[in-house]
Structure formats: structure tokens, C-alpha cells
Amino acid sequence: MMMMDFINSVLNWVVPPASLVTLACSWPALCFITTCEWLYNSFFSENMEDKVVIITGASSGIGEQIAYEYAKRGANLALIARRENRLRGIAEKSRHIGAKHVMIMAADVVKEDECRRFVNETVNFFGRVDHLVNTATLGHTFYVEEVVDTSVFPHLLDINFLGNVYPTFVALPYLHQTNGRIIVNAAVESWLPLPRMSLYAAAKAALVNFYETLRFELNAEVGITIATHGWIGSEMSRGKFKVEEGAEMQWIEEREVQATSGLVEDYAKLIVAGACRGDQYVKFPSWYDIFLLYRVFAPGVLNWTFRLLLATHSGRRTSVVGTGRTMPEDSPPRKFLTGSNSFAQHGPMHMQKLE
């Protein structure tokens, strides 16, 4: 036992700096190899003409933009979301810009039987599945200690984790037949912690680890592309948020920073292009990866930096939506609209990013 403790103590001091030196020396060669692979895969990118793509969470945000990108490539689409009325317009636009055939189906991705239904209907109609794109997500903007009604917790975890696992589980037999691909919409919060997003970050971390493990289990018979994004704009940044099944749809206050919706389109283009190249990862923007080094080798510096950057937002301006709290009487007026009994499937936003 003492010998093992001694060995671990020595390795703790030797391995980190040695690894950094090795990485620095090999960086030019790694960049050259990566560039060559990117060029080769881009030249022999998968032709999506007449291929079949299932997209969950396709009624808005990232899912909607991904549908348009596949449509431009001539794919057949099966668009899945809770808001069928939204899907009709997206389906029409997808046909107009190049999609051969488009199916729309209302379904809840956290229910296995409904996932089985839309996958089976897609296969019965098109005869195959080539890509499964999981984008359905629900985020939050509250501090955990402010929550009164914890019934929102399982909703957040189910939509962000099981809402990806169930469609994948059901579609895998058909993806094996076509050597297809699974595309996952994750987020930088899966490893970079930010305030007011604890449950969201936990679910995304679980999601990434699930697909990283599944990648080894599938042994390249079915490809997996994990897409992670930073702070980009979408429907959520414009204020729409549905809390839980049976609840009203609420319009909440404008956020501190206005996001740019054009970034959602850029992110969608990167995802589809990366999936067609067979990339294992798509990162937008990629420079966020530098924080990984700090998290591993200098976590104190990372924590200090983020505390400094977020200092101006230290005053708690958390939305009470989803916390179970009642609105204070002196709160600014908010607009309430009756909505369908569904979860929101939104894209992320700046420091309170949701999808």
C-alpha cells in the first residue's frame, strides 16, 4: 500500500507536465493529420440525396435549422415535435428548398412507445433510416436553492437525457442496416459549469458520457456525432418558455444579453456538414476547448476567471418560472398565453442558455 501511494505521488508530479510537453511537441503533426482527414472526408462527404433523416425537436431553434440544412441536400425528412402546427410550416419550407419528401409527427420523446411509433412510421413510409438527429431540449434559469416545487426536476432530466436515449434505442436496429449515424445536440455546459444551469449541465454531461460509451459499443457500425455549442441565440433567447405538462406557456422577461439568431443557422450548418463528413465531434465555437486545459491543470484559475467575469451578474435575477414560487406583487407585468401541454424545445442563449 505504501509503495502504491509513493508511485501515485510521483506520477501526480511527473505525468501532467510530461503530457503537456508531449502535446506541445506533437501539436503541429496532429494539426496536419487532422487537416488531411478533414479534407479527405469533405471530398468524400456522405451524399444525403434520397437518404432518410429523423429530427426530433424540429419545431423551432436548432432542430428547425437542421431540417433546412438536410433539405438543401435533398434528404427525406421525418420531423418530430410536440407542436404539430409549427411543423407544418417548417415542412412546407423544407420541401421548397429541396427536401424530396417530408413527414411530420407529433410525439413526446420522453415516452418510449411514442418514439417507437414515429420511428416505425418513418421506416414503413421510407423503408429506412440513415440519420437520427436528437435536438429536443429543455433548459432552466434558476438557482437550485430557490426551487420550491421540485416536480420540475424530473421533467428537466427526462427531456434532456431520456429524450435522446429513447429515440436512439428504438432507431438503432434500423441504423445498423444502413450504417447510419446519430447526431446529438449537447452543450458546453456538459463540462464547463455556469450558474443557474445545474440540472441542465448535469443532464448534458450524462448525455455526452452515454454517447461516448455507446460509440465504443457500436464499434463504428453506427456513427455518432456529438455537437457542443456555446452561447448562441434561438427561440428561448426571445423569451418563450413552457414549464411542464399541462402548464401555461409563459413569456418571461428579456435577458441581459440579446443573442444573434444567425448563429443558430451557422451552428446547424456545421452540424450537418460534420455529420455528413463522419466527424465524431462538432464544436461551435471550437476555441472553448482551451478551457478544458484549465479545468484539468489549473481549475483554480478557471474558477477565479469565471467568478470575475460573472461578477457583474451577481445580483440574482432568476425567473420564478419552474421554481414553484409565486410571482411577487411588485413584479413587472408578464404576458401569459395558453399553450399546448408540452415541453419547450429551444435553442440556447448567452449566460442563461437553454435549448
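Just so it is clear, the values below take in all heavy atoms, side chains as well, and ignore hydrogens, waters and symmetry mates.
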Quick one: are [X] and [Y] in side-chain contact, heavy atoms under 4.5 Å?
{"X": "N179", "Y": "V222", "result": "no"}
{"X": "C276", "Y": "M48", "result": "yes"}
{"X": "V147", "Y": "F142", "result": "yes"}
{"X": "I183", "Y": "L132", "result": "no"}
{"X": "I224", "Y": "I226", "result": "yes"}
{"X": "T225", "Y": "Y281", "result": "no"}
{"X": "I54", "Y": "V119", "result": "yes"}
{"X": "R116", "Y": "F169", "result": "yes"}

Under 3.5 Å: donor-acceptor pair, side chain of [X], backbone of [Y]:
{"X": "D130", "Y": "K51", "value": "no"}
{"X": "N47", "Y": "E49", "value": "yes"}
{"X": "T135", "Y": "I62", "value": "no"}
{"X": "K204", "Y": "L199", "value": "no"}
{"X": "T228", "Y": "V188", "value": "no"}
{"X": "E114", "Y": "D108", "value": "yes"}
{"X": "N76", "Y": "D50", "value": "yes"}

Can a side-chain donor-acceptor contact be found between [Y] and [X] if the only test is distance below 3.5 angstrom?
{"X": "S59", "Y": "R83", "value": "yes"}
{"X": "T122", "Y": "R128", "value": "no"}
{"X": "Y166", "Y": "D158", "value": "no"}

Roughly how far, to the nearest 0.5 Å, is [atom2] of [Y] from [atom1] of [X]?
{"X": "I80", "Y": "M105", "atom1": "CD1", "atom2": "CE", "result": "3.5 Å"}
{"X": "L39", "Y": "E37", "atom1": "CG", "atom2": "CD", "result": "10.5 Å"}
{"X": "L87", "Y": "N85", "atom1": "CG", "atom2": "CG", "result": "8.0 Å"}
{"X": "L157", "Y": "L162", "atom1": "CG", "atom2": "CG", "result": "8.5 Å"}
{"X": "F32", "Y": "T34", "atom1": "CZ", "atom2": "OG1", "result": "10.5 Å"}

- Tell me, which pairs form a ring-ring contact (aromatic ring centres under 6.0 Å, His included) where one or both residues lie in residues 42-67, sequence neighbours left out?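 Every pair satisfying ring-ring contact (aromatic ring centres under 6.0 Å, His included) with a residue in residues 42-67: Y40-F44.
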- Task: Starting from the C-alpha separation in whole Å, work towards a yes-or-no answer on side chain to side chain contact (heavy atoms under 4.5 Å, CB included) for E46 and H131.
- Result: CA-CA 11 Å; E46 181 179 2; H131 284 196; 3.0 Å; yes
- Query: Between E64 and K93, does at least one N-O distance fall below 4.0 Å, as a salt bridge requires?
  - Reply: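 Answer for the salt bridge query: no.
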- Between K111 and D113, does at least one N-O distance fall below 4.0 Å, as a salt bridge requires?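 A salt bridge is absent here (no side-chain N lies under 4.0 Å from a carboxylate O).
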Ignoring hydrogens and angles, write down the donor-acceptor pairs under 3.5 Å from the side chains of residues 2-12, residues two or more places apart or on other chains.
{"unit_1": "N8", "atom_1": "ND2", "unit_2": "M4", "atom_2": "O", "d": "3.3"}
{"unit_1": "S9", "atom_1": "OG", "unit_2": "D5", "atom_2": "O", "d": "2.8"}
{"unit_1": "N12", "atom_1": "ND2", "unit_2": "N8", "atom_2": "O", "d": "3.1"}

- Which residues pass the salt bridge (charged side-chain N to carboxylate O under 4.0 Å, His left out) test with R215, sequence neighbours left out?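 For R215 the salt bridge (charged side-chain N to carboxylate O under 4.0 Å, His left out) partners, ignoring immediate neighbours, are E212.
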- Please test T168 against Y211 for side chain to side chain donor-acceptor pair (under 3.5 Å), starting from the C-alpha separation and ending with a verdict. CA-CA 10 Å; T168 298; Y211 282 104; 2.5 Å; yes
- Message: Applying salt bridge (Lys or Arg N to Asp or Glu O under 4.0 Å) to E265 and K269, what does each step give before you reach the verdict?
- Response: CA-CA 6 Å; E265 300 174 14; K269 289 178 182 178; 5.4 Å; no
- Query: What pair of heavy atoms forms the shortest contact from S190 to A205, and how long is it?
  - Reply: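 Taking S190 first and A205 second, the nearest heavy atoms are O-CB, 3.3 Å.
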